[in-house]
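Structure record follows, encoded as structure tokens.
Predicted model, so just to flag it, every value in this text is computed and none were measured.
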Amino acid sequence: MRVLALSSWSDLKGYAAKFAGVSHETLRPPETGLVMLRGRMGGTGAAFNAGEATVTRCAVRTATGHEGNAYVMGGNKDHARTAAICDALLQDESRRTDIEMHLIRPLEAILMERRAVAARKAAATKVDFFTLVRGEDD
């Protein structure tokens, strides 16, 4: 689910095209709302509300009875519906391997490459701070 939710809609749409047409019943139609983002100073301090983020959720049931749920950042209802369908299909043992090979792994590779590019860009801006000895001490 992490890969489906973090992938861009254009990437997911391309790789999931052959799975998105699966017969399904909508249990919870895609709906957009807000969630509160919380943080901690230094990762260990008292929790505080950092702001709100838009999230879209959806729940479906395939013809085989497998239920899928999805929560994705943003307001793209098609992204949420497609991710929910893929989640339901991942629970079907007869389709799991196909989805993992042709959807999850390629999307995961794209996410890892984008993360590596962002890390390289951030590393290029790294500044090392150090103290110079000026010789002003006695």
key: Backbone of Thr62 reached by a side-chain donor or acceptor of His66 within 3.5 Å   = no
message = If I compare all heavy atoms of Ala70 with all of Ala80, which pair ends up nearest, and what's the gap?
response = CB-O, 3.4 Å
task = For Thr56 and Val72, indicate whether the former's side chain and the latter's backbone hold a donor-acceptor pair under 3.5 Å.
result = no
query = Does Lys13 have any salt bridge (Lys or Arg N to Asp or Glu O under 4.0 Å) partners at least two apart in sequence or in another chain, and if so, which?
reply = none
remark   = The salt bridge (Lys or Arg N to Asp or Glu O under 4.0 Å) partners of Arg95 (sequence neighbours excluded) come to none
request  = Could you list all the salt bridge (charged side-chain N to carboxylate O under 4.0 Å, His left out) pairs where at least one residue sits in residues 76-94, not counting sequence neighbours?
outcome  = Glu93-Arg96
task = Supply the members, apart from Met101, of the Ile/Leu/Val/Met/Phe/Trp/Tyr cluster built from side-chain contacts under 4.5 Å; use none for a lone residue.
result = none
key: Which residues share a salt bridge (Lys or Arg N to Asp or Glu O under 4.0 Å) with Arg2, sequence neighbours left out   = none
task = Return each pair, listed once, that meets side-chain hydrogen bond (donor to acceptor under 3.5 Å, both in side chains) where at least one residue sits in residues 46-55; pairs must be two or more places apart or across chains.
result = Arg38-Asn49
query = Hey, is the main chain of Pro29 close enough, under 3.5 Å, to the side chain of Thr26 for a donor-acceptor pair?
reply = no
Approximate separation, where rounding is to 0.5 Å, of Gln91 CD and Cys86 SG = 12.0 Å
ask   = Do His79 and Ser8 have side chains that get closer than 4.5 Å, going by heavy atoms?
value = no
inquiry  = Enumerate the salt bridge (charged side-chain N to carboxylate O under 4.0 Å, His left out) contacts for residues 102-111, please, sequence neighbours excluded, ordered by first and then second residue.
reply    = none
inquiry  = I'd like to know if the side chain of Arg40 reaches the main chain of Ala46, judged simply by a donor and an acceptor atom lying under 3.5 Å from each other, with no hydrogens or angles considered.
reply    = no
ask   = Which hydrophobic side chains are connected to Leu103, either touching it within the sub-4.5 Å cutoff or through other members that do?
value = Met1, Val3, Leu4, Leu6, Trp9, Leu12, Tyr15, Phe19, Val22, Val60, Ile85, Leu89, Leu90, Ile99, Ile104, Leu107, Ile110, Leu111
task = Would you list the pairs meeting salt bridge (charged side-chain N to carboxylate O under 4.0 Å, His left out) in which at least one residue belongs to residues 60-72, sequence neighbours left out?
result = Glu25-Arg61, Arg61-Glu67
task = With sequence neighbours excluded, give me every ring pair (Phe, Tyr, Trp, His ring centres under 6.0 Å) pair touching residues 106-125.
result = none
ask   = Got a sec, which residues hit side chain to side chain contact (heavy atoms under 4.5 Å, CB included) with Met41, two or more places apart in sequence or on another chain?
value = Phe48
task = Sequence neighbours left out, what passes salt bridge (Lys or Arg N to Asp or Glu O under 4.0 Å) with Lys121? Give chain and number order.
result = none
